[in-house]
Amino acid sequence: MNSLKIYNTLTREKEIFNPIHSPYVGMYLCGPTVSGESHLGHIRPAVTFDIINRYLKYLGYIVRYVRNITDAGHFEEEGRESQDKVANKARLEQLEPMEMVTRYTNLYRDAMDKLNVLRPSIEPTATGHIVEQINMIEDIMSKGFAYEVNGSVYFDVTRYAQENDYGRLSGRKIGEMIAGSRELEGQGEKRNPADFALWKNAPPEHLMRWRSPWGEGFPGWHIECSAMSSKYLGAPFDIHGGGMDLLFPHHESEIAQTKIAVGKPVANYWVHNNMITIKGQKMSKSLGNTITISQMTDGNHLLLEQAYSPMTLRFFILQTHYRSTLDFSNEVLMAAEKGLQRLLQAQRTLKDLAYNEVDSDFNQEEDNIVKQLIDSCTVHMNDDLNTAMVLASLFELSSKIYSWQNAQLKISSISRETFVLLLKTFNDFVSDVLGLKDEITVDDSKMNELMDLLIALRKEAREKKDFHTSDKIRDNLKKIGIQLKDGKEGTTWGV
RNA sequence: GGUCAGAUGGCCGAGUGGCUAGGCAGAGCUCUGCAAAAGCUCUUACAGCGGUUCGAAUCCGCUUCUGACCUCCA
């Protein structure tokens, strides 16, 4: 159970995963800011940590997985933008800020469901935890690590850094940061450019605002994660995740806030996924090169030659190790689409395979190869969640499965025990651990019976050499998207 | 400018001090009424230059190039 190794950004090393209160595991992931529709970049951490969540459960851990929704605060720019867009319309048609974040939260959740991302145990929102955030800010102020200026509150990084290692996670030195930081507007209130906001005074045009001891305003970006993670998981908890771009300043700030408020580190393992790039450049809102999830699944984007299903996206992400950048292109997605179908077809085929025991066929070498491939799934997952290698093993097993189906290899060359183990492992890894599934439901029994009938009719026609009829059945089915596959053991079909 | 990652075959992508994933694409073969599906085989790669080593693509150094972070971002 504890042979799992995870790369910890804090130590820059792969470490054996030991939860604080095994078998319980606490995990927190920085979720999306719902000021716009989720894009491809948002689904990488969701899928990555879904894999961790699923694998921990597979290993027998009981996971409390908290993934927040940032629906408050620091997106006033976007709020203003949307106001401008609707400025000419009637005021009644304007979206309430809460309406906007609800809309995008719903879209995000729908997308997560389609991607087969398991729902988190708790999905707290920033707006639902204003009180907790204000309390934490007051606590930090009372300890002397934050100060108020004109209704805004800032964290005193310089003071914190005197006794704490600010910058350890992101690997930077506070002196260099101050020297290198640019002069930005609104920095005037800070005592030091490295300080960050805990609470912001709301200008009149800011629609989302709450009463606080410092006047009407809204919380700074970082404080919500400290407040919500410590509330639901305590401190320290086991795993804190997020995209690499959050390393600084977001996670660094979280560490500082929690250290002062709670007196303890945030988490033992910090896990960061790398970025999705497009033509070698990071996909991000500010660069304007994002592709939203709905554009992806509709094929409605200049760079897309066709629509890609959510499962294709999921597979595409899993083909690359989570700490590598992942470059998007049509070619890669088309390859992913085909690869995924091949894998799922193998899974279906395996389910229908019957084991026939013939003692004389047993081949120890063959049996060992299959056993080793089965073992390698766990071995690769344990090595910092190497889903790319797990897929490679599953593909090698797929070749075996297809060979058995076509009677090119004898299934009895492996032992019954190995076959049973394969059946379980293959399904567990494809469906439960990697979360890959057929998107078209073919388990409709009437549909299956109908197809069996058509296949039987075609078989009869072929036996009578009535190829006109048999080809008509085959070709017309192809027209409606159903493909017949003739194998040694009979005909199967797929979509 | 500072910090940190990378550079792998036609494309994408793992991994490793010697036995050298996998997917997609391409070629040939097997099966098949034809086709599709499936299987098998094939093209043998690790940016450049030095060094360590019996041996490096894998370790070390330098060079070039690319990207990320340093500001809201997943």
Side-chain angles (χ1 to χ4, degrees), chain A residues 12 29-33 35-36 38-49 70 74-78 167 170-173 176-177 179-185 187 193 221 241-250 272-277 280-287 290 315-316 319-321 323-329 331-340 342-343 345-346 349 376 380 383 386-396 398-409 462 465-467 470-471 474-475 478 483-488 491-494:
Chain A
R12 317 262 156 182
L29 172 67
C30 290
T33 300
S35 59
S38 299
H39 59 78
L40 257 183
H42 290 110
I43 67 180
R44 172 100 110 139
V47 170
T48 300
F49 289 88
T70 299
H74 59 283
F75 47 86
E76 69 268 34
E77 294 303 324
E78 303 244 344
S170 54
R172 52 193 86 221
K173 305 257 184 294
E176 289 167 4
M177 280 160 47
S181 75
R182 283 177 250 164
E183 281 303 315
L184 292 171
E185 280 185 51
Q187 293 276 48
W221 176 32
M244 270 181 185
D245 53 347
L246 298 185
L247 259 170
F248 188 88
H250 186 56
H272 292 92
N273 62 275
N274 213 318
M275 303 290 103
I276 285 185
T277 59
Q281 257 204 331
K282 178 181 154 187
M283 182 179 290
S284 82
K285 243 183 244 178
S286 48
L287 289 169
T290 62
F315 181 87
F316 163 67
Q319 267 185 313
T320 304
H321 187 86
R323 285 193 286 115
S324 300
T325 54
L326 176 51
D327 197 55
F328 159 87
S329 70
E331 292 70 28
V332 170
L333 279 167
M334 281 191 263
E337 191 172 52
K338 291 196 175 159
L340 172 65
R342 184 173 139 80
L343 187 66
Q345 179 67 41
T349 302
S376 72
H380 293 313
D383 183 17
N386 197 331
T387 53
M389 280 303 279
V390 174
L391 283 172
S393 294
L394 292 174
F395 274 114
E396 287 196 57
S398 298
S399 286
K400 298 285 178 200
I401 292 165
Y402 286 127
S403 297
W404 295 326
Q405 185 202 22
N406 290 336
Q408 282 150 329
L409 274 176
R462 291 178 73 197
K465 306 262 186 224
D466 179 6
F467 297 123
S470 68
D471 288 354
R474 180 226 282 161
D475 298 341
K478 183 152 194 181
Q483 187 186 37
L484 293 182
K485 296 165 187 178
D486 295 329
K488 276 264 163 59
T491 302
T492 56
W493 61 280

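Only a predicted model underlies this, so the values are computations on that prediction, with no experimental measurement involved. By convention in this document, chain letters (A, B, ...) are assigned in the order of the sequence lines, proteins followed by strands, and residues within each chain are numbered from 1.
- To the nearest 0.5 Å, atoms OG (A:S329) and CE (A:M334) are separated by 8.0 Å.
- Separation of the C1' atoms belonging to B:C49 and B:C42 is 34 Å when rounded to the nearest angstrom.
- For A:P249, whose side chain is taken as the heavy atoms from C-beta onward, the closest listed nucleotide among B:A68, B:C70, B:C24 is B:C70.
- As rounded to the nearest Å, B:G51 and B:G10 have P atoms that lie 29 Å from one another.
- Closest to the side chain of A:D486, out of B:C72, B:A74, B:A36, is B:A36.
- For A:H272, the side-chain hydrogen bond (donor to acceptor under 3.5 Å, both in side chains) partners are A:T9, A:H251, not counting sequence neighbours.
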Encoded 5' to 3' (Watson-Crick or G-U under 3.5 Å; [ ] crossing; | other strand), RNA chain B becomes (((((((..(((.....[...))).(((((.......)))))....(((((..]....))))))))))))....

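- Rounded to the nearest Å, the gap between the P atom of B:G6 and that of B:U43 is 31 Å.
- Residue A:G171 is classed as a sugar-phosphate contact, given heavy-atom separations below 4.0 Å to backbone atoms only.
- B:G50 sits 48 Å from B:A37 when the P atoms are compared, rounded to a whole Å.
- Partners of A:R44 by salt bridge (charged side-chain N to carboxylate O under 4.0 Å, His left out), not counting sequence neighbours: none found.
- Closest to the side chain of A:K338, out of B:C11, B:C24, B:A68, is B:C24.
- Under the side chain to side chain contact (heavy atoms under 4.5 Å, CB included) criterion, A:T387 pairs with A:I51, A:L318, A:M381, A:L434, sequence neighbours left out.
- Only the P atoms considered, B:U64 is 27 Å distant from B:U71, to the nearest whole Å.
- Residues passing the side chain to side chain contact (heavy atoms under 4.5 Å, CB included) test with A:S38 are A:H42, A:Y108, A:I293, sequence neighbours excluded.
- Residue contacts shown for A:Q405 are absent, as no nucleic acid heavy atom lies under 4.0 Å away.
- Among the protein residues, A:M334 comes within range of no part of the nucleic acid, since none of its heavy atoms lies under 4.0 Å from any strand.
- Here B:A68 presents its C1' atom at 9 Å from CE of A:M244, a figure rounded to the nearest Å.
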Look for any protein N or O under 3.5 Å of an N or O in nucleotides 5-8 of chain B and output each such pair with its distance, or none.
none

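- Closest to the side chain of A:N273, from the set B:G2, B:A74, B:G33, is B:A74.
- The side chain to side chain contact (heavy atoms under 4.5 Å, CB included) check on A:D327 picks up A:T277, with sequence neighbours excluded.
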Show each protein N/O and nucleotides 39-43 of chain B N/O combination with a separation under 3.5 Å, one pair to a line.
from: B:G39; atom 1: OP1; to: A:R342; atom 2: NH1; distance (Å): 2.5
from: B:G39; atom 1: OP1; to: A:R342; atom 2: NH2; distance (Å): 3.3
from: B:G39; atom 1: OP2; to: A:R342; atom 2: NH1; distance (Å): 3.2
from: B:G39; atom 1: O4'; to: A:Q408; atom 2: OE1; distance (Å): 3.1

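- In this structure, CZ on A:F315 lies 5.0 Å from CG on A:L391, to the nearest 0.5 angstrom.
- In this structure, A:H380 reaches neither bases nor backbone, as no heavy-atom distance under 4.0 Å exists between it and the strands shown.
- Taking the C1' atom of each, B:A25 and B:C11 are spaced 7 Å apart, rounded to whole Å.
- With sequence neighbours left out, A:D475 forms a salt bridge (charged side-chain N to carboxylate O under 4.0 Å, His left out) with no residue at all.
- Residues that satisfy the salt bridge (charged side-chain N to carboxylate O under 4.0 Å, His left out) test with A:D486, not counting sequence neighbours, are A:R458, A:R462.
- Straight-line distance from the CG atom of A:L287 to the C1' atom of B:C72: 12 Å, rounded to whole Å.
- Comparing the P positions of B:G67 and B:A56 gives a spacing of 32 Å, expressed to the nearest Å.
- In this structure, A:L40 reaches neither bases nor backbone, as no heavy-atom distance under 4.0 Å exists between it and the strands shown.
- Within the 4.0 angstrom heavy-atom criterion, only backbone atoms of the sugar-phosphate kind lie near A:L246; the bases stay farther away.
- A:T290 meets the side chain to side chain contact (heavy atoms under 4.5 Å, CB included) test with A:H39, A:M283; sequence neighbours excluded.
- Nucleotides B:U58 and B:G15 are separated by 16 Å at their P atoms, to the nearest Å.
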Contacts under 3.5 Å, N or O only, protein and nucleotides 13-16 of chain B:
from: B:A14; atom 1: OP1; to: A:H321; atom 2: N; distance (Å): 3.1
from: B:A14; atom 1: OP1; to: A:S324; atom 2: OG; distance (Å): 3.2
from: B:A14; atom 1: O3'; to: A:N386; atom 2: ND2; distance (Å): 3.4
from: B:G15; atom 1: OP1; to: A:N386; atom 2: ND2; distance (Å): 3.4

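- Within the 4.0 Å cut-off from OP1 or OP2 of B:C70, not a single side-chain nitrogen or oxygen of A:S170 is found.
- At whole-Å resolution of the value, CE in A:M275 and C1' in B:G67 are 12 Å apart.
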